[in-house]
Amino acid sequence: MNGFNWKCPHCERDVTITNDRFSEKQHYNYIDSSNGNYVIVTEFLICPNPDCNKYTLEATLYDSISTTNGIKANTAKLIKKWNLIPSSKGKVFPDYIPTPILNDYNEACEIKDLSPKASATLARRCLQGIIRDFWKVKPTILAKEIEEIEDKIDPLIWQAIDAVRKVGNIGAHMEKDINLIVDVEPHEAELLINLIETVLDEWYIAKYKREQKLTAITALSKAKDEERKI
Ligand SMILES: [Zn+2]
């Protein structure tokens with residue numbers, strides 16, 4: 001293999017994957033089953049970006065084995081692909097965001113298609129976790145906690161939060177306990193997830209980048225100051 005271009009889902013950099021960054025195994029099932037024979041291929045890809053160096057794990061199932069005169073041929077028809085690590089459905093957020101928040105977000109993404117109501121429940125809990133952690137609001141019910149931050153946050157973000165909390169059943173049950181499971185449509189679960197992604201970007205990531213930039217400026221001006229003294 002000469003290497004191929006690939007976008008790392010962790011750091012979102014375009015990189016080239018060469019042999020030493022790629023490991024693949026094929027597991028054939030030759031035992032006859034009523035739904036055919038399959039092979040599952042698992043692949044580890046390790047990001048060559050030294051700042052990342054994380055592994056990605058993918059599994060692909062092929063309807064691969066057809067037997068002609070006792071000779072097994074690989075027809076390789078793709079049946080299903082799973083992005084195991086990181087999960088394909090959620091975005092990858094940095095580690096400095098608190099783990100319980102990321103866990104709720106990732107689980108809400110994973111289960112979105114299977115159970116929108118479970119996803120929406122996790123997403124509401126995630127949103128509450130974010131508001132409590134980032135804005136240090138007095139814990140009460142989510143609807144009140146949202147109102148508490150209205151005058152502290154960017155008006156456009158407020159509009160988005162306000163719009164989502166008025167959607168269908170999310171809105172109808174906003175006053176209730178976040179752990180109550182309410183029936184929602186798939187697009188309502190999606191809206192909540194999009195909202196969480198936006199606030200993670202706008203609050204945690206923007207704050208982190210700002211701090212990094214200001215720290216760098218301070219360090220640079222101190223260094224310049226030292227130079228002048230020499
Ligand atoms: Zn990477």
Side-chain angles (χ1 to χ4, degrees), residues 1-27 38-62 64 76-114 118-119 122-123 125-127 129-131 133-134 154 157 160 189-220 223:
M1 193 175 69
N2 290 326
F4 56 90
N5 295 330
W6 179 73
K7 192 186 193 110
C8 171
H10 294 284
C11 64
E12 300 199 316
R13 285 262 203 105
D14 290 311
V15 292
T16 304
I17 295 292
T18 44
N19 267 340
D20 58 335
R21 295 267 151 191
F22 181 79
S23 169
E24 179 194 276
K25 277 275 179 298
Q26 302 182 350
H27 177 175
Y38 292 96
V39 55
I40 188 155
V41 181
T42 49
E43 291 171 3
F44 279 100
L45 299 103
I46 293 90
C47 180
N49 168 13
D51 294 333
C52 173
N53 203 31
K54 287 186 173 143
Y55 74 84
T56 294
L57 177 61
E58 298 176 353
T60 320
L61 185 70
Y62 297 95
S64 71
K77 190 175 143 221
L78 193 148
I79 304 294
K80 205 167 176 184
K81 184 171 177 181
W82 296 268
N83 294 315
L84 299 174
I85 296 172
S87 146
S88 61
K89 298 205 171 135
K91 283 189 174 178
V92 179
F93 283 102
D95 301 343
Y96 55 75
I97 295 174
T99 311
I101 290 172
L102 291 182
N103 287 347
D104 278 349
Y105 163 74
N106 286 324
E107 278 179 46
C109 293
E110 305 246 347
I111 205 148
K112 187 185 73 193
D113 298 328
L114 209 61
S119 171
L122 281 160
R125 190 171 82 175
C126 182
L127 184 63
I130 293 169
I131 293 174
D133 175 69
F134 197 87
D154 182 287
I157 303 210
E190 175 93 49
L191 271 175
L192 273 170
I193 286 173
N194 289 345
L195 179 65
I196 287 167
E197 288 169 353
T198 307
V199 298
L200 290 178
D201 275 338
E202 295 282 335
W203 295 344
Y204 288 94
I205 295 177
K207 183 183 173 208
Y208 180 82
K209 285 187 177 160
R210 186 170 169 270
E211 283 170 359
Q212 293 281 303
K213 219 184 282 175
L214 293 173
T215 310
I217 291 171
T218 312
L220 192 69

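All ligand and atom numbering here is 1-based and tracks the order in the structure. Because the structure is predicted, anything quoted here is derived from the model rather than measured.
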Pairwise distance CG(Asp51) to NE2(His10) - rounded to 0.5 angstrom:
14.5 Å
Measure up the Phe4 and Phe22 rings against each other and bin them: parallel (under 30°), tilted (30 to 60°), perpendicular (over 60°).
perpendicular
With a 3.5 Å distance limit and no angle check, can you tell me whether Asn106 reaches the backbone of Leu102 through a side-chain donor-acceptor pair?
yes
What is the number of protein N, O or S atoms that sit under 2.8 Å away from the Zn ion (ligand 1)?
4
Test item: Tyr105 side-chain N/O and Lys91 main-chain N/O as donor-acceptor pair under 3.5 Å:
yes
With Glu107, which residues qualify under salt bridge (Lys or Arg N to Asp or Glu O under 4.0 Å), at least two apart?
none
Hey, which of Asp20, Ile17, Asn53 is the one that makes side-chain contact (heavy atoms from CB on, under 4.5 Å) with Pro48?
Ile17
